[in-house]
Every structure is written in C-alpha cells, then in structure tokens.
Undergrad: 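Below: one structure in structure tokens.
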Amino acid sequence: MTHLQIWLALIGMAAVTIVTRAFFLMAGDRVSLPDRVQKALRYAPGAALAAIILPDLMTWQGHFSFGLDNFKLIAGVAAGVFYLVTRRMLGMIAVGMAVYTALRLYA
C-alpha cells in the first residue's frame with residue numbers, strides 16, 4: 001500500500017465514523033425511533049450493552065469458562081452487584097477494575 005492509499009483509507013474511515021455517529025444529531029426531530037424500540041430502551045437500557053460485554057466476560061484464555069478461574073467473569077459479577085445496589089456507574093467501573101486487578105495480582 002502506498003502512503004496515499006493509507007491516508008485515503010484513514011480519511012474514509014474517519015468520515016464513515018463521524019457520519020454514522022452523528023446521524024441522529026444531524027437528523028434532529030425529523031427522524032425518530034418507533035414507539036416499540038423506545039419502550040424497549042426505556043425498560044432495558046443495559047440489554048444491548050450486556051449483549052456486547054457478556055461474551056467477553058465468559059471467555060478466559062481463549063475458551064468459555066464459568067468457573068472461579070475466570071477473573072473477568074468474577075469482576076463483572078462484582079461490578080454488576082455493586083451497580084444494582086448503588087446505581088452508580090463510575091463506582092461500578094471502579095469496583096470491577098479493582099476486583100479484576102486484585103484477582104490477577106494475587107492469584
């Protein structure tokens with residue numbers, strides 16, 4: 001690949017990223033989500049995020065693991081419990097990272 005091709009690829013990827021992320025801001029009130037989707041997001045806002053994160057939490061060293069040797073899963077459960085009790089997002093991140101770091105360092 002030449003330098004020109006690399007720069008064109010980077011500029012193209014940046015443009016696609018900006019347009020797709022800013023689409024709802026640019027569209028304003030002209031585009032709205034259907035009521036069914038809005039209700040689903042209102043009642044289960046974390047469902048989409050959980051669908052992205054859970055597969056990563058359930059894998060350890062390249063395979064699915066549900067045991068105590070899966071530090072990511074244990075830290076994720078600890079963070080989830082903390083969030084359910086306190087409803088503090090920043091605290092949830094801190095607890096999850098602290099548990100994960102402690103398990104990695106002391107195990």
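Below, all heavy atoms of this structure are taken into account, side chains as well, without hydrogens, waters or symmetry copies. All residue numbers refer to positions in the sequence shown, counting from 1.
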Undergrad: In the single-linkage hydrophobic clustering (I, L, V, M, F, W, Y; side-chain heavy atoms under 4.5 Å), do Leu103 and Leu68 co-cluster?
TA: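 Leu103 and Leu68: one cluster.
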
Undergrad: What side-chain donor-acceptor pairs closer than 3.5 Å can you find for residues 52-59, not counting sequence neighbours?
TA:
unit_1, atom_1, unit_2, atom_2, d
Asp56, OD1, Lys72, NZ, 3.4
Thr59, OG1, Asp56, O, 3.1

Undergrad: Please determine whether the number of non-hydrogen atoms from other residues, nucleotides or ligands lying under 6.0 Å from atom NE2 of His3 exceeds 12.
TA: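 12 or below, so no.
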
Undergrad: For Asn70 and Ser65, indicate whether the former's side chain and the latter's backbone hold a donor-acceptor pair under 3.5 Å.
TA: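 At least one qualifying donor-acceptor pair exists.
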
Undergrad: Side-chain polar contacts of residues 74-97 - donor-acceptor pairs under 3.5 angstrom, sequence neighbours left out - could you list them?
TA:
unit_1, atom_1, unit_2, atom_2, d
Thr86, OG1, Phe82, O, 2.8
Thr86, OG1, Arg88, N, 3.4

Undergrad: Can you tell me how far the OH atom of Tyr106 sits from the OG1 atom of Thr101, to the nearest 0.5 Å?
TA: 10.0 Å

Undergrad: Within a reach of under 6.0 Å around CG of Leu105, are more than 12 heavy atoms found that belong to other residues, nucleotides or ligands?
TA: yes

